[in-house]
Novice: 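Before I ask anything, here is the structure I am working with.
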Amino acid sequence: MRGEELVVNEALKVRALPEGGCDYLLEFLRLYRDAVQIIVDRIWDIDEKLSWKKLHRLFYSDLMRLGFRAHHAKEIYVNAKSLMDSAKGNSGRKPVLRKLSARIDKYDYKLDLDNMTLTLKLHNDYEARLKLIASRERVEKFRSWSNYELVVKYEDNEFWVSIYFKRAVRPLEPRTVMAIDLNFDNVTLAIYTLDGRRVRLKKLKTPHKKILTHKIWVERIQRKYPKSWRFIKSVRRAIEKHGERIKNISWDYAHKTGNTIAKLASKHGSVIILEDLEKLKENNKKGRRFNKRLGLWFYRRIQFCVEYEAMERNLQVAKIDPRGTSSKCPRCGGKLVEYGYRVLRCRKCGFIGDRDVTATINIYEKYVSKYSRCGVSGVAPNAPKPDEAPSGMQGNKNEAMTTES
Ligand SMILES: [Zn+2]
């Protein structure tokens, strides 16, 4: 987990203008497509497993004869095989290729980001030079990355290039731990020092209620036209409109939240701890905590943005099993029960705490007990003492943890 190198991949898709005509490039794309098709046709009925080696033996010399370069050939049969595999997995129908698109290995192109040009090596030693159309800002961040592959496409009379970049990331050593609790009403984040003192607490209200309103509208419409809603244009439109709103609201929120969280984590040098939503699904089939009507998709979207923004800043992200994070006493492990609005109380030891804040303590604890052995130094094995908590307290009185004796 810690200090390991991660590889981050990202594609840059830009429009490209061929310099001095596009005849050879189009010819190449057609030849490439037809070659992939021929291979798909020939391997479709072969039942045995096809290794790369075997594909190479079967098709390499034929492709060379068509004028392709060595790495073109490799890309072509790799492409054909993956097309076949996914077609067999999905529809079971043999794919018929129409679109013009070619995957090209780094040995067969030269990318010049300073001048925004791309030179492609084509069949029969032809070359194509393309001018890439993209703003400086979009390209800037990729300058320090390496690129290893690209895809050229021709659609609607335009050429598009997707360039695949990667970079190695060595995550920063965390100085603090940021625990994040996602629930229906808010996203609660709390930053703890490695010895368990809370230094920051923030709650971000979720737009769940707004999303739910649109969902209810959709359901109402569908109930009114139970059989026909799919076929009446105006009804379908209305449903689409609400769906569009839900999409915008949720992505907007996810982007903002991801950004806020990563910025704070960066400022405090935090490792970000999220709950593993896949485990949550297994643990909590009834979906009591994560409202069923909204599903996990919204939380996934938020986590996706958090992880993305964290990666951009070289921050570590870890996931813990969410079992018990909102129902166990962080002090004695006893069961917590409701004690007024959004407050929980432990019957065994009298611990009282805000529901969301308590969840962050448990999340922090889980992370510490899972990872402390593999390196986070100076981590206290015990939970932060509840009476120490108000030092980092922000927000209303309700959020403070108090003890009752
Ligand atoms: Zn307790």
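Keep in mind the model is a prediction, meaning the values are calculated, not measured. Both ligands and their constituent atoms are indexed starting at 1 by order of listing. Both backbone and side-chain heavy atoms feed into the values below; hydrogens, waters and symmetry mates do not.
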Novice: For K328, is there any backbone N or O sitting under 3.5 Å from a side-chain donor or acceptor partner on N362?
Specialist: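 Side chain of N362 to backbone of K328, a donor-acceptor pair under 3.5 Å: yes, one is there.
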Novice: Give the total of protein N/O/S atoms at a distance below 2.8 Å from the Zn ion (ligand 1).
Specialist: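 For the Zn ion (ligand 1), protein nitrogen, oxygen or sulfur atoms under 2.8 Å: 4.
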Novice: Could you tell me whether a side-chain N or O of N115 sits under 3.5 Å from a main-chain N or O of T117, the two making a donor and an acceptor?
Specialist: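 Not at all, since once roles are kept as given, no pair shorter than 3.5 Å links the two residues.
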Novice: So H56 and W52, ring-ring contact (aromatic ring centres under 6.0 Å, His included) or not? Walk me through it.
Specialist: CA-CA 6 Å; H56 185 76; W52 304 131; over 10 Å; no
Novice: Just verifying a value: how many Å separate M84 CE and I39 CD1, rounded to the nearest 0.5 Å?
Specialist: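 CD1 of I39 is found 11.5 Å from CE of M84.
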Novice: Taking K121's backbone N and O only, do any of them form a donor-acceptor pair with H72's side chain (distance below 3.5 Å, no angle check)?
Specialist: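 Yes, H72 side chain to K121 backbone: donor-acceptor pair under 3.5 Å.
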Novice: Mind checking the OH-CD1 spacing from Y32 to I76? Nearest 0.5 Å is all I need.
Specialist: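 Result: 5.5 Å between the selected atoms.
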